[in-house]
Protein chains: 2
Amino acid sequence: MSMDDPLSLDRQLCFPLYAAARAMTQAYAPLLSRLGLTYPQYLVLLVLWETDGETVKGMGERLYLDSGTLTPLLKRMEAQGLVRRERSAEDARSVRIYLTSEGRALRRKATSIPEAMACKLGLTLQEATRLRRDIQRLFEVLSQSHVDSSK
Amino acid sequence: MSMDDPLSLDRQLCFPLYAAARAMTQAYAPLLSRLGLTYPQYLVLLVLWETDGETVKGMGERLYLDSGTLTPLLKRMEAQGLVRRERSAEDARSVRIYLTSEGRALRRKATSIPEAMACKLGLTLQEATRLRRDIQRLFEVLSQSHVDSSK
DNA sequence: CGCAATTCAATTGCGCGCAATTGATTCGGA
DNA sequence: TCCGAATCAATTGCGCGCAATTGAATTGCG
């Protein structure tokens with residue numbers, strides 16, 4: 001049970017990552033609740049504001065989420081009037097997600113969020129950039145490791 | 001919609017953190033499923049292996065989780081025979097969590113996990129240490145920001 | 001063309017996370 | 001001592017995440 005025990009909570013890399021990710025979501029919550037959004041819903045909008053008409057599959061590849069998560073989430077956003085879900089004409093297996101005018105309008109209200117968060121974090125631009133790069137690198141290593149390498 | 005748009009997904013610090021945390025959980029999953037554990041259950045055991053008889057409140061302060069999360073989680077672990085939940089004698093409001101012999105025995109099987117993860121990550125010790133420190137710092141900033149500072 | 005394999009989204013089931021509330025217990029000031 | 005405030009775990013309700021399955025549509029191989 002010594003402090004340099006590999007099973008000590010304080011020595012884990014995983015735990016700060018886990019805690020920080022949840023704290024990040026909570027830091028966004030008050031900003032997003034004003035727009036009636038949850039954090040994953042905000043991520044969906046970030047994608048659609050860049051690529052309107054994205055498919056569910058494409059959305060999943062961008063956000064690393066599957067249809068089991070996205071389908072009900074998108075249905076809730078559709079019920080809120082933010083998006084429209086439409087079977088693709090070219091390929092009836094896929095479903096495309098389109099912003100409604102309300103969903104597009106929300107973008108203007110969201111423009112203040114990044115700077116509000118930057119302020120909360122109190123990191124310099126280069127600190128934030130370096131940290132993002134480091135975490136991205138960590139993610140890339142991790143996202144390799146849990147794929148079935150056979151076949 | 002340019003690449004230096006503050007609302008571009010690629011410019012967010014939050015998203016890699018969110019994705020990396022989930023990828024980390026998934027990287028642990030195959031190692032933990034052999035022990036019949038989920039990732040948060042593993043964290044609970046890390047605490048108990050250090051401090052057997054911890055209260056629910058204390059557990060929550062260590063893991064930054066509340067009773068709404070911990071109570072059902074601990075009940076599942078009790079049903080698995082890993083822990084015992086017991087109203088405290090000194091203060092009947094609180095509940096103490098004790099390892100069963102099975103819960104203690106699981107520690108031996110878990111000793112290989114940290115090195116298995118270190119291998120998966122492929123980071124040097126100092127890279128991992130620095131990243132952990134950076135993320136901890138990020139967490140500390142974040143955990144301040146969402147507390148009600150009034151009163 | 002014909003049909004098996006593949007690709008999609010949707011569904012099911014379950015375990016978190018967390019806000020909000022409830023109810024029991026303890027604390028602390030008058 | 002009494003009683004209101006505070007503390008604690010449990011509960012309720014809801015939105016993720018994700019593994020596994022289902023069913024429809026498409027692809028591609030013979």
Side-chain angles (χ1 to χ4, degrees), chain A residues 15 18-30 32-33 36-44 54-61 63-80 83 85-97 143 146-148 151, chain B residues 15 18-30 32-33 36-44 54-61 63-80 83 85-97 143 146-148 151:
Chain A
F15 178 60
Y18 165 81
R22 289 185 294 124
M24 182 68 86
T25 300
Q26 287 175 36
Y28 271 93
L32 293 175
S33 72
L37 295 174
T38 65
Y39 178 69
Q41 287 168 8
Y42 174 65
L43 294 180
V44 162
E54 182 64 275
T55 61
V56 172
K57 176 183 166 61
M59 187 78 72
E61 285 169 352
L63 301 181
Y64 308 100
L65 293 170
D66 69 1
S67 66
T69 299
L70 287 173
T71 296
L73 190 155
L74 292 167
K75 281 185 177 176
R76 281 187 288 272
M77 294 180 74
E78 187 176 40
Q80 285 187 260
V83 303
R85 297 160 60 246
E86 199 172 290
R87 262 306 136 185
S88 168
E90 317 92 73
D91 187 339
R93 286 173 303 184
S94 62
V95 167
R96 292 192 176 278
I97 313 300
S143 60
H146 73 89
V147 187
D148 184 5
K151 169 171 173 298
Chain B
F15 178 60
Y18 165 80
R22 288 185 294 122
M24 182 68 86
T25 300
Q26 287 175 37
Y28 271 93
L32 293 175
S33 72
L37 294 175
T38 65
Y39 178 70
Q41 286 167 9
Y42 174 64
L43 294 180
V44 162
E54 182 63 276
T55 61
V56 173
K57 176 182 167 60
M59 186 78 71
E61 284 169 354
L63 301 181
Y64 309 100
L65 293 171
D66 68 2
S67 66
T69 299
L70 287 173
T71 296
L73 190 156
L74 291 168
K75 280 185 177 177
R76 282 187 288 272
M77 293 180 75
E78 186 175 41
Q80 285 187 259
V83 303
R85 296 161 61 246
E86 199 171 291
R87 253 326 125 180
S88 168
E90 316 91 74
D91 186 340
R93 287 172 302 184
S94 62
V95 168
R96 292 193 175 277
I97 313 298
S143 61
H146 73 88
V147 187
D148 184 6
K151 168 174 175 300

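For B:R76, there are no side chain to side chain donor-acceptor pair (under 3.5 Å) partners at least two apart in sequence or on another chain. B:E86 pairs by the side chain to side chain donor-acceptor pair (under 3.5 Å) definition with B:R84, not counting sequence neighbours. For A:R93, the side chain to side chain donor-acceptor pair (under 3.5 Å) partners two or more places apart in sequence, or in a different chain, are A:D91. Among residues two or more places apart in sequence or in another chain, the side chain to side chain donor-acceptor pair (under 3.5 Å) test is passed with A:T71 by none. Not counting sequence neighbours, A:R22 has no partner by the salt bridge (charged side-chain N to carboxylate O under 4.0 Å, His left out) test.
Rounded to an integer number of Å, the gap from B:E90 CD to D:dA9 P is 12 Å. For A:E86 and C:dA10, the CD to P distance is 13 Å, given to the nearest whole Å. Between the C1' atom of C:dC16 and the CD atom of B:Q41 lies a distance of 10 Å, rounded to the nearest Å. Computed from coordinates, the A:K57 NZ to C:dT7 P distance equals 8 Å when rounded to whole Å. With rounding to whole Å, A:Y42 atom OH is found 16 Å from D:dC16 atom P. With rounding to whole Å, A:M59 atom CE is found 16 Å from D:dG17 atom C1'. Distance, B:D91 CG to C:dC27 C1': 10 Å, rounded to whole Å. The distance from atom CG of B:L43 to atom C1' of C:dG17 is 13 Å, rounded to the nearest whole Å.
Between A:Y18 and C:dG17, a side-chain N or O to OP1/OP2 separation shorter than 4.0 Å is present. Between A:Q26 and C:dC18, a side-chain N or O to OP1/OP2 separation shorter than 4.0 Å is present. Phosphate proximity of C:dA10 to A:R85: present, with a side-chain N or O under 4.0 Å from OP1 or OP2. Between B:R22 and D:dC18 there is a side-chain polar atom (N or O) within less than 4.0 angstrom of OP1 or OP2.
For A:S94 against C:dA9, a side-chain-to-base donor-acceptor contact under 3.5 Å is absent.
Only A:L73, A:R76, listed by number, bring a heavy atom of residues 70-78 of chain A to less than 4.0 angstrom from any atom of DNA chain D.
You'll find that the side chain of B:P40 is closest to C:dG17, out of C:dG17, D:dC16, C:dA10.
A centroid separation of 6.0 Å or more is found between the aromatic rings of A:Y64 and B:Y18.
Ranked by how close their nearest DNA chain D nucleotide is to the 5' end, A:R87 and B:T69 are led by B:T69.
Not one N or O on the side chain of B:E78 forms a donor-acceptor pair closer than 3.5 Å with the backbone of B:K75. The backbone N or O of B:G58 sits less than 3.5 Å from a side-chain atom of B:T55, completing a donor-acceptor pair.
Judged by Watson-Crick or G-U wobble contacts below 3.5 Å, the nucleotide C:dC3 has D:dG28 as its partner.
Backbone-only engagement by B:T38 is indicated by non-hydrogen atom pairs under 4.0 Å involving sugar-phosphate atoms exclusively. Nucleic acid contact class of B:D66 (heavy atoms, under 4.0 Å, all strands): base. B:R96 comes within contact range of no nucleotide atom at all, as no heavy-atom separation falls under 4.0 Å.
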